[in-house]
Amino acid sequence: MVLLAFLLPVCFFMNWKYWFGGFLFLLIITTGYTLAARQLSDTAFPISNRPAIYQVTINQTPENKARSILCPAVVTLTSSKDSALTSVHNHPQVLLYFQQDSIAATLKRGDRLWIHARIAPPPHKGIPHEFDYARFLQRRGISGTSFIPSGHWQKAGHDSLRTFRQKAADHQEKIVNLYRELGFQGDELAILSALTVGDKDDLSEDIIETYSITGASHVLALSGLHIGFLYALLWFLTAPIWKRFRYLKLPSLALIIILLWGFAFLTGLSPSVVRSVCMFSILTLSHLQPEKSISANTLAATAFFMLIIHPMWLFDVGFQLSFAAVTSILMFYSRLNHLYRSRYWLIRKIWSLMSVSIAAQIGTAPLVIFYFARFSTHFLLTNLWVIPMVSFILYAAIILLLLTPFEPLPTLIAPYIEKLIQIQNSVLQQIELWPYASLDHLYLDAYEVFLIYLILLLFYRFLELRIPTNAYALLSALLIFSIYHTTILVRHTPSPGIAFYNIPDCPSVHCLSNGTQSWLVCSDSIPRTNWLRQSLATHWNSMGLNTPLVLTQQYNNLPILLENNILTYKGKRICLLNHNRWNTRTAEHPLPIHILYISHGYRGSINELTSLFHIQTVILDGSLSNYSKKIITTECLQLGISYRLLDQEGYIHIPLK
C-alpha cells in the first residue's frame with residue numbers, strides 16, 4: 001500500500017494516465033482488503049473444545065423462536081475450567097439461544113448473565129451448495145453462537161446504560177407500540193411497522209410469500225425506496241425556497257440530511273437504512289455542484305465512502321441490490337423512456353414509471369435469481385400498483401406521527417391508513433393467484449452472474465458506441481456464457497441414485513430419477529421438512545429438480561415401494577430405522593438389506609438385528625448421540641459390516657443403474 005501510494009503521484013505528474021489508473025485501482029483493492037481483514041479480525045474469539053464460563057450482557061431485545069429464545073449479547077468476561085476469570089477486551093458479539101422456560105421468558109435487554117456454554121461459529125454440515133452461515137455471521141460482526149440449556153445460566157445484574165443504537169431501537173419500539181394503541185393489528189400492523197420503522201418481526205409467512213411471488217418484497221425491506229420517498233418529500237418542500245433564495249441552498253440541503261438521519265434514528269439505525277441514508281446524504285451534497293447531480297461518478301463515490309466506513313457491506317445482499325438497481329437505471333432508463341413518447345401527461349408518467357421498473361429489474365434480476373431462485377413475471381404491474389400505494393401509506397404515516405401530540409387526530413387518521421394497507425394486500429393477493437406469477441427453482445452460480453453483468457456492460461458500451469470491436473466483445477461474452485451455462489446444465493443433470501443429507505431434524509432418503517421428479521422418504525411419521533427444503537433448495541435448483549414428493553407411510557407406486565419403513569428403489573433395499581420394534585423379532589431367512597439407515601429413536605444394537613436382516617452397509621445419521629455412534633460402529637467392525645458417518649461426510653450419494 002505504501003509503495004502504491006508513492007507511485008500514484010509519480011504517475012500523475014509524469015502524465016502516465018494508464019499506469020495511474022492501474023495503480024489507483026490496485027490501491028483501492030488493497031485498501032479494501034486490508035480494512036475487511038481488520039474488521040474480520042475483530043470478530044476473532046478463542047474457541048474451546050469444552051464449555052467455559054462467560055459473563056455476557058444482552059444488548060438487543062430477546063426474540064422468541066420456535067424452540068428457543070434468541071438473545072444477542074456481548075461477552076465481557078471469560079473463564080475456562082483451568083484458568084481464572086479474565087476480561088475480553090474486544091467484547092465479541094454472540095448469539096445465544098436459551099431453552100424456553102418461564103425463567104428465560106423474563107430475560108430482557110441489559111441483563112448481565114453468567115453462562116456455562118461452548119461458544120463457537122456454527123459448524124458446516126457438508127451438504128452440497130451449503131449456505132456458509134458462519135461466514136455470514138462473521139461479516140456482520142458476530143463471533144459465534146451457543147445453545148444454553150435450562151440450569152446453565154444465572155442472572156448477575158442489569159446494565160441500565162444504553163448505547164446510541166439501543167436508544168434508537170427504543171424509539172423504534174415506541175412507534176410500534178403507538179401503532180398498537182391506535183388499533184393496528186395482524187398483517188396491517190406488520191406491514192405498517194415494516195414500511196415505516198423497519199420492524200419485520202410480526203410479518204406472517206403468508207404475507208411474506210405473497211409479496212415475494214408478486215415481486216413486491218423490496219417494499220417490505222426499509223431501504224432505498226422508502227428513504228427515496230422521504231427524500232422526495234423533503235426536496236419538494238425545500239427546493240422552491242433555495243431556488244428563490246440561493247443563499248439558503250446549503251442550509252436547506254443540510255436540513256434534508258439532518259432529517260434523513262433523524263428518520264434513521266427512529267427506525268433503530270438498521271444497516272439497510274444507514275446505507276440508504278448514506279447514499280442519499282452524498283446525493284444531497286452532490287447538488288452543490290452545478291452539473292448533473294447524480295451520475296456514475298457520484299454513485300461510485302457513494303459506494304467508495306460507504307465501504308471505507310464498513311467494508312463488509314460489500315457482501316450484503318441489500319447493498320448489492322441497491323447499487324445494481326441505481327446503476328442499471330442510470331444506464332438504461334433514458335433509452336427505455338425515449339422508446340415511447342405520448343402527448344398525454346398521465347401516459348407519459350406511467351411509461352416513465354414502467355421504464356424505471358424495467359431498468360431496475362434488468363440490473364437486479366441476476367442477483368435476485370442467484371440469492372432467491374425466483375423471478376416475478378408480473379413485476380411491472382406490481383410496481384405500478386404498489387409504489388403509489390406505498391407512497392400514500394408512508395406519507396399518511398408521517399402525518400400520523402407528526403399529529404401524535406394532538407390526541408384526537410391520529411385516531412381519526414389510523415383507520416384510513418389501515419384501509420390503504422388492506423387494499424394493497426388484497427390486490428397483491430389477487431396478483432399472486434394469476435398463472436405464472438413467478439418462475440421458481442431457478443439457478444445461477446456466481447460465475448454466471450458475473451458473465452451476465454459483463455454482457456450488460458458490453459451491451460451498454462455497444463449502445464453508446466456502435467463499432468465492430470464492441471459488437472465482437474458482446475458476442476464473445478454471449479458465446480462464453482452460453483458454453484458455460486450448457487456445461488453447468490450437463491454436469492448437474494440428475495441421474496438415478498439415492499442421497500442422504502446431514503440434516504438431523506429430518507432423517508430421510510432422497511430417491512433421484514433421471515428427470516425432474518424425485519421422492520423424499522422420511523423415517524418420521526410427521527417429518528420437519530421445512531428446514532431440509534430451505535437447506536437443500538440451491539442444490540435441488542442446480543439439478544433442475546421439482547420439489548420432491550414426501551413419503552412417510554405405505555406407498556406402492558413404481559418405482560417406489562415403501563412398507564414398514566423399508567424402501568425398495570431401483571433394486572436397492574433401504575431400511576429406515578428410528579425405533580426398537582424389530583429388536584425382539586427373528587426370521588427364518590433374514591431379509592437382505594443393502595443399507596440400514598439409523599437415526600434418532602433407535603436405542604438398540606446391531607447384534608439384535610442380525611437374525612432379522614442381512615445387512616451390507618450401515619449409515620449413521622447425525623442425530624444420533626456420540627455414545628450411540630461409538631457403540632454401533634464398534635459392533636459393525638466386529639461383525640464385518642461397513643459403515644458410514646453422515647455427520648462426517650455431510651452428503652452421501654449412491655448412484656444407481
Hey, can you tell me if Tyr651 and His539 have their rings parallel, tilted or perpendicular (30° and 60° cut-offs)?
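Geometry flag for His539 against Tyr651: perpendicular rings.
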Please verify the inter-ring angle class for Phe131 with Tyr133; under 30° counts as parallel, over 60° as perpendicular, anything in between as tilted.
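Tilted, since the angle between the ring planes falls between 30° and 60°.
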Is a donor from one side chain sitting under 3.5 angstrom from an acceptor on the other, for [X] and [Y]?
X: Glu432; Y: Thr214; answer: no
X: Thr31; Y: Thr34; answer: no
X: Ser438; Y: Asp440; answer: yes
X: Ser535; Y: Tyr501; answer: no
X: Asn502; Y: Gln648; answer: no
X: Gln320; Y: Tyr371; answer: yes

Between the side chain of [X] and the main-chain N/O of [Y], is any donor-acceptor distance below 3.5 Å?
X: Asp111; Y: Lys108; answer: yes
X: Ser68; Y: Asn64; answer: no
X: Ser146; Y: Arg118; answer: yes
X: Ser623; Y: His600; answer: yes
X: Ser376; Y: Phe379; answer: no

So, are [X] and [Y] salt-bridged, with charged N and O less than 4.0 Å apart?
X: Arg109; Y: Asp170; answer: yes
X: Arg112; Y: Asp159; answer: no
X: Arg374; Y: Glu209; answer: yes
X: Asp316; Y: Arg140; answer: yes
X: Asp647; Y: Lys125; answer: no

Could you state the interatomic distance from CD (Gln424) to CG (Leu428), rounded to the nearest 0.5 Å?
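These two atoms lie 5.5 Å from each other.
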Drop me the distance from Leu253's CG to Trp235's CH2, to the nearest 0.5 angstrom.
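It is 6.0 Å, given to the nearest 0.5 Å.
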Quick one, Leu532 with Ser508, criterion side chain to side chain contact (heavy atoms under 4.5 Å, CB included). Give me CA distance, side-chain angles, the key distance, then yes/no.
CA-CA 10 Å; Leu532 185 141; Ser508 57; 3.5 Å; yes
Please examine the side chains of Trp153 and Ile103, heavy atoms only from C-beta on, and report whether any two atoms are closer than 4.5 Å.
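Side-chain contact under 4.5 Å: yes.
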Side chain to side chain, Phe136 and Asp132, heavy atoms closer than 4.5 Å
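A side-chain contact under 4.5 Å is absent here.
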Tyr54-Trp114 aromatic ring centre distance below 6.0 Å
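Between Tyr54 and Trp114, the centre distance exceeds or equals 6.0 Å.
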With a 6.0 Å cut-off on the ring centroids, do Tyr231 and Phe280 count as close?
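Yes.
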Which heavy atom of Thr43 sits nearest to which heavy atom of Ile142, and what is that distance?
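Closest pair (atom of Thr43, atom of Ile142, distance): CG2-N, 4.3 Å.
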